[in-house]
Enquirer: 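Below you'll find the structure I mean.
Only heavy atoms go into these numbers, but all of them, side chains included; no hydrogens, no water, no symmetry mates. Quick note on labels: first sequence line is chain A, next is B, and so on, each numbered from 1. Since the model is a prediction, treat every value here as computed from it, not as a measurement.
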There are 4 protein chains.
Amino acid sequence: MDFRTDLALERRDLYRKANNMKEEIPGIETNEEEKNGTKVTRVKITNEEGASAIGKPIGNYITIDIKNVKLATEDEIQNSAEILAEELRKLYDIHLNGKEDILVVGLGNMGVTPDALGPSVVKDIDITRHLLKYAPQYLEEGARPVSALAPGVLGTTGIETQEILKGIVDNVKPKLLIVIDSLASKSIERISSTVQIADTGIVPGAGVGNARKEISKDTLGIPVIALGIPTVVEAATIAADSIELFIEKLQQDAKSNEYLNELQNEDKYEMIKEVLVPNDFNFIVTPKEIDGLIENMSSIVARGINISL
Amino acid sequence: MDFRTDLALERRDLYRKANNMKEEIPGIETNEEEKNGTKVTRVKITNEEGASAIGKPIGNYITIDIKNVKLATEDEIQNSAEILAEELRKLYDIHLNGKEDILVVGLGNMGVTPDALGPSVVKDIDITRHLLKYAPQYLEEGARPVSALAPGVLGTTGIETQEILKGIVDNVKPKLLIVIDSLASKSIERISSTVQIADTGIVPGAGVGNARKEISKDTLGIPVIALGIPTVVEAATIAADSIELFIEKLQQDAKSNEYLNELQNEDKYEMIKEVLVPNDFNFIVTPKEIDGLIENMSSIVARGINISL
Amino acid sequence: MDFRTDLALERRDLYRKANNMKEEIPGIETNEEEKNGTKVTRVKITNEEGASAIGKPIGNYITIDIKNVKLATEDEIQNSAEILAEELRKLYDIHLNGKEDILVVGLGNMGVTPDALGPSVVKDIDITRHLLKYAPQYLEEGARPVSALAPGVLGTTGIETQEILKGIVDNVKPKLLIVIDSLASKSIERISSTVQIADTGIVPGAGVGNARKEISKDTLGIPVIALGIPTVVEAATIAADSIELFIEKLQQDAKSNEYLNELQNEDKYEMIKEVLVPNDFNFIVTPKEIDGLIENMSSIVARGINISL
Amino acid sequence: MDFRTDLALERRDLYRKANNMKEEIPGIETNEEEKNGTKVTRVKITNEEGASAIGKPIGNYITIDIKNVKLATEDEIQNSAEILAEELRKLYDIHLNGKEDILVVGLGNMGVTPDALGPSVVKDIDITRHLLKYAPQYLEEGARPVSALAPGVLGTTGIETQEILKGIVDNVKPKLLIVIDSLASKSIERISSTVQIADTGIVPGAGVGNARKEISKDTLGIPVIALGIPTVVEAATIAADSIELFIEKLQQDAKSNEYLNELQNEDKYEMIKEVLVPNDFNFIVTPKEIDGLIENMSSIVARGINISL
């Protein structure tokens, strides 16, 4: 199954819909919570059956849906940051012993707006590692060493991000990596409004069909918490969804129509992609307000990480 | 008819298609030329019949389609700039007497990538008006006074751009306005790859259903040449076009299907827009590479204007 | 007397020092206040004698010195903004009748860091004028119409800023102008750390020897409140001050030295400027941290204005 | 001796002046050449005596002085880039065997204008390493693998740049490093107008008294070519130089003055620094036009490197 989304939650919904399942997928547990108007959904993949169903490794996937990031007030940004921090701290408790060294990594390309979220967050992280070494008097007793990096992308460096991080992790020896990246989603409403926290690492570019080398405990040797924020929806995805809706409507009105039932089973995405994506452009859908959205979301994520640390 | 594009050329094509016309629309003349791989199409609206057919005022609309702006070399940028300059000079000859004073205005919001093209062009315009006054020794004999301005948008200033320009034109008294703006198009291929030159002025935001006050000879008292570059296609437009294509396919295969023929006549756009545009977001489609595209197109337009002056 | 500073307070100090005055300059009244660690100094020029002494028009000049803008916390930024708002409101009471229309103008060149403060403030002003017209439901009852503009500088527009504003003021008809500009100061400590509020308007560029046309009630017909923030000190000013200090030291040690007494009376600035300013560069002194300083100061000023409105 | 400049050429001049030397410093060879109006000066340190005299390691230091970068035309930028490329190629011949793998590293902080040159150059480097691996058809036969990185600075990452690079070099295994960094100079005229090429690596921050860990063959295991561009002069340096000039003038007029002879031997820098640098600010002198200067210089350096590769 080709999900075209990086969100475990959306994949789980798509899988259940495609298989007409009412119950939960075996090997997957979910629960949902509402905190101050913010929805927190936890998807836990507990075994290989669940993992292979939705194409994601065993582990925890927490989705935080923030309402109306675009017009968020100072208070709402702070509230969302605190919810994010709380979820992060639970994962530190699982993967770290006390105040061990953390490296925060912002993936993505600073020069491309919908891909700039990672580097933008990194700019606002409170760095302490160098102060502990050179000026400990400026820090509270027992502060955790935090460092941060925006290594660029393969297209601007010529080096796989995983190779860059592997070298740095081996030499600098942090005990946990927090990786921030832009994701693809199926839903326009989630653009720069949702954070997915996963303790299974990340395959950058997976959701837009341009998968790079995995950044995870398997490849780097230390646990990797990935914070993913949807910033793009492919145009072909939207068009395919539209036609899906359209056919459903046709079927409601003329259920016997065998021809349409057949169509239902074809992959409209590829057909539409051919039409929509001329000249090898990788078209995406972003809200016109993406610059402002990313600024607010970047505040929430940076603040959430800072609070959690 | 709701065209959802600012390009006279696309409107003319849509009108003819909708009315199954083989011949030209009465009151419209067109011709097409190929220069060094760049297509120049001229649409001339000669009377009210033509004007009301495609909802654009009487005047000249020149569309320049530049191939592969994304990967344009220095030479290709220069070539496109020269073609643009040539077309501009023809319009100066119609609307100006010799080296009269020109004001170049970049519309749009610098802080929103797909809307930043106008202000970005203005930064590269060679300004001479102040030198003529304070340091004429730096200019060649007989130089034309050129000034430039990026006045912002209603949402950032609180003032209609037309009101700002009216005040400045009355006080500074240029003889011609060149206005650069981002447009909406129906075609993804045209994003940041097409320039429309019109000597009829502009209604900013018209193509995305957010029309502002007209900037034209009627409202400002001097001729206005508008350079419009498509930078957005609405997601709903793409989805509607996809369904259009889809239905055509259905009809080819099952021509007798009366039900689908009916659907053909409905406006899918509104139906899809409801689905696609939740929460009052104004979603648009831009290529992921929009930042780079706008940089190259901005070079072409600024250079074209500079050469023409 | 050539003051090489735009701050009325510094000019008054220089004048008194140069004339060995212990008492206040005739036609000038001053008082000083400390609020939450922020120093507010009010210089009031009451007649022509005071005005001609320090080369500034009759009116109010309030200097707010903010400590350590560089490391300002959220609370300190808010505190400074409130002090600024309070001083502004006092001036509105003098120059406006109730909630009349205000236009905020950010002078300066967005593309030159130490000159970008004005445009940067304008981006954060809460605009209401268009909402009152098109969407009053989003505003509280009795909101004041506020608009904002960053018109650029002569070097990027080719038009004197005063000409641009004259046109807009005549056409849009606000009742008061708030103008934000970068200033020159004599003191490195004041760079992006001081705000001067004056109700006499402004002559942009005056402090760096590049005076542009005056923006004031005389030229625009409505009262102009100028918010000036020092962002540059000329290198030659610093060197001249250093030599001044140096000679004082020489004299203390060898008072009879007639030769040095003579030197004291010469203008070292021009001599040093020749040495320091080769090739017509306009060199200035800015702290390396200017980008961060301007960001924080820009927050304070924008917030102060927003609170005051 | 405290040179307060990173340029070997300025250090050699200061050393000779301080020691009243007419001949060359032992262990140092220099020669000068003029190419199309660009001055190329080569300082070669041949032994430890030369190295300890000017506090720089044994190796080659080539200084390229470009005239009027501020107003450079396209042709002049290209010309300067070619001269730079020529000098780089000579060093490749010494340190590399054929088309071996090169990593280009832009040091400095993107968010601080005078420190942004390194990251800005890196953005324009033509990267090939990933294409050789994933899409060799886009490259000419026998292309050299080039990668590039802007790792940030200690203050933004919390990690010494040397540690980051050590990890990457060990893991990615390039055969040569080209490092671009901003330098301190003694001369305002050299700001963003001079490039120093050294094949001895670099100690970032050395010229502004904030030395970081050395980036060189000794620490990384592969040869390091450093391209340094002066972007700052300390205010205290300028003031000290001014007083120096001032005293020289005093002495010419009154040679017998013993007191001034004494003063001549004192270090004015520290005295002035106390006066000029309050509150721990690290003040620097930059031309107001630094943004534009850095843009042009960044073009020259990126293009020079691209041509050389």
Enquirer: Applying a criterion of heavy atom separation less than 4.5 Å, what residues of residues 119-137 of chain B form contacts with chain C?
Expert: B/I127, B/R129, B/H130, B/K133, B/Y134
Enquirer: At a 4.5 Å cut-off on heavy atoms, which part of B/L103 comes close to chain C: side chain, backbone, both, or neither?
Expert: side chain
Enquirer: B/S147 and side chain to side chain contact (heavy atoms under 4.5 Å, CB included): which single residue from C/L154, C/T156, C/T157, C/I159 fits?
Expert: C/I159
Enquirer: Which residue pairs satisfy the salt bridge (Lys or Arg N to Asp or Glu O under 4.0 Å) criterion with at least one member in residues 167-178 of chain C, sequence neighbours excluded?
Expert: C/K166-C/D170
